[in-house]
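Note that the structure is a prediction, hence the values are computed from the model and not measured.
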Amino acid sequence: ALVAELEGKGDEALAGYLRAVELGDQRTEVVRRAVQLLAGRRRFAEADRLVRRFAGQAGRPTPLGKLAAEVSLVNKDLD
């Protein structure tokens, strides 16, 4: 996914990040890039679902918390 992103292939990169998450990758940077690419394509509902899935797992705040709030706000503004 990173190589595709560096080559300017955003759709391919997004597919790669989403596939990595689907296969169990929970690294913050992978989830963050997937959410950012989804949001950049105005796919806010998907971005919101993804970030909520990982933000605050096990009751602990994560670096995705701020991103979750931002996506949620934008998503609600568009409803």
Side-chain angles (χ1 to χ4, degrees):
L2 179 59
V3 172
E5 192 170 3
L6 293 173
E7 291 176 348
K9 300 175 183 175
D11 291 334
E12 188 177 316
L14 175 56
Y17 286 122
L18 291 175
R19 180 75 176 137
V21 170
E22 181 182 308
L23 292 173
D25 194 334
Q26 297 183 16
R27 290 176 293 165
T28 300
E29 189 55 33
V30 171
V31 176
R32 178 183 295 131
R33 287 306 300 144
V35 168
Q36 289 171 332
L37 289 169
L38 284 167
R41 285 158 178 72
R42 303 188 58 78
R43 293 167 58 180
F44 298 114
E46 291 173 76
D48 187 52
R49 280 192 300 273
L50 183 59
V51 80
R52 286 177 184 275
R53 179 173 156 191
F54 291 97
Q57 284 186 342
R60 294 186 314 258
T62 68
L64 292 172
K66 181 179 178 201
L67 187 57
E70 291 170 3
V71 169
S72 182
L73 286 171
V74 171
N75 194 32
K76 287 188 186 347
D77 286 346
L78 295 176
D79 287 344

Candidate list Arg33, Arg43, Arg49, test side chain to side chain contact (heavy atoms under 4.5 Å, CB included), partner Leu38, passing option: Arg43
Under the side-chain contact (heavy atoms from CB on, under 4.5 Å) test, residues paired with Glu7 that sit two or more places apart: Val3, Lys9
Minimum heavy-atom distance Ala34-Leu18, with the two atoms named: CB-CD2, 4.1 Å
Between CG on residue Leu14 and CD on residue Gln36, distance to nearest 0.5 Å: 11.5 Å
Ala1: partners by side-chain contact (heavy atoms from CB on, under 4.5 Å), with sequence neighbours left out: Tyr17
Any side-chain heavy-atom pair of Asp11 and Arg41 under 4.5 Å: yes
Non-neighbouring partners of Arg19 that pass side-chain contact (heavy atoms from CB on, under 4.5 Å), sequence neighbours left out: Glu22, Leu23
Residue pair Val35 / Asp48, side-chain heavy-atom distance below 4.5 Å: no
Results of salt bridge (charged side-chain N to carboxylate O under 4.0 Å, His left out) for Glu12 - residues two or more places apart only: none
Non-hydrogen atoms of Val30 and Ala20 that approach each other most closely: CG1-CB, 4.1 Å
Arg27 atom CZ, over 12 foreign heavy atoms within 6.0 Å: no
Minimum heavy-atom distance Ala47-Ala39, with the two atoms named: CB-N, 4.2 Å
Least distance between heavy atoms, Val31 atom then Asp25 atom: CG2-O, 4.5 Å
Candidate pair Val51 and Arg32, rule side chain to side chain contact (heavy atoms under 4.5 Å, CB included), full reasoning: CA-CA 8 Å; Val51 80; Arg32 178 183 295 131; over 6 Å; no
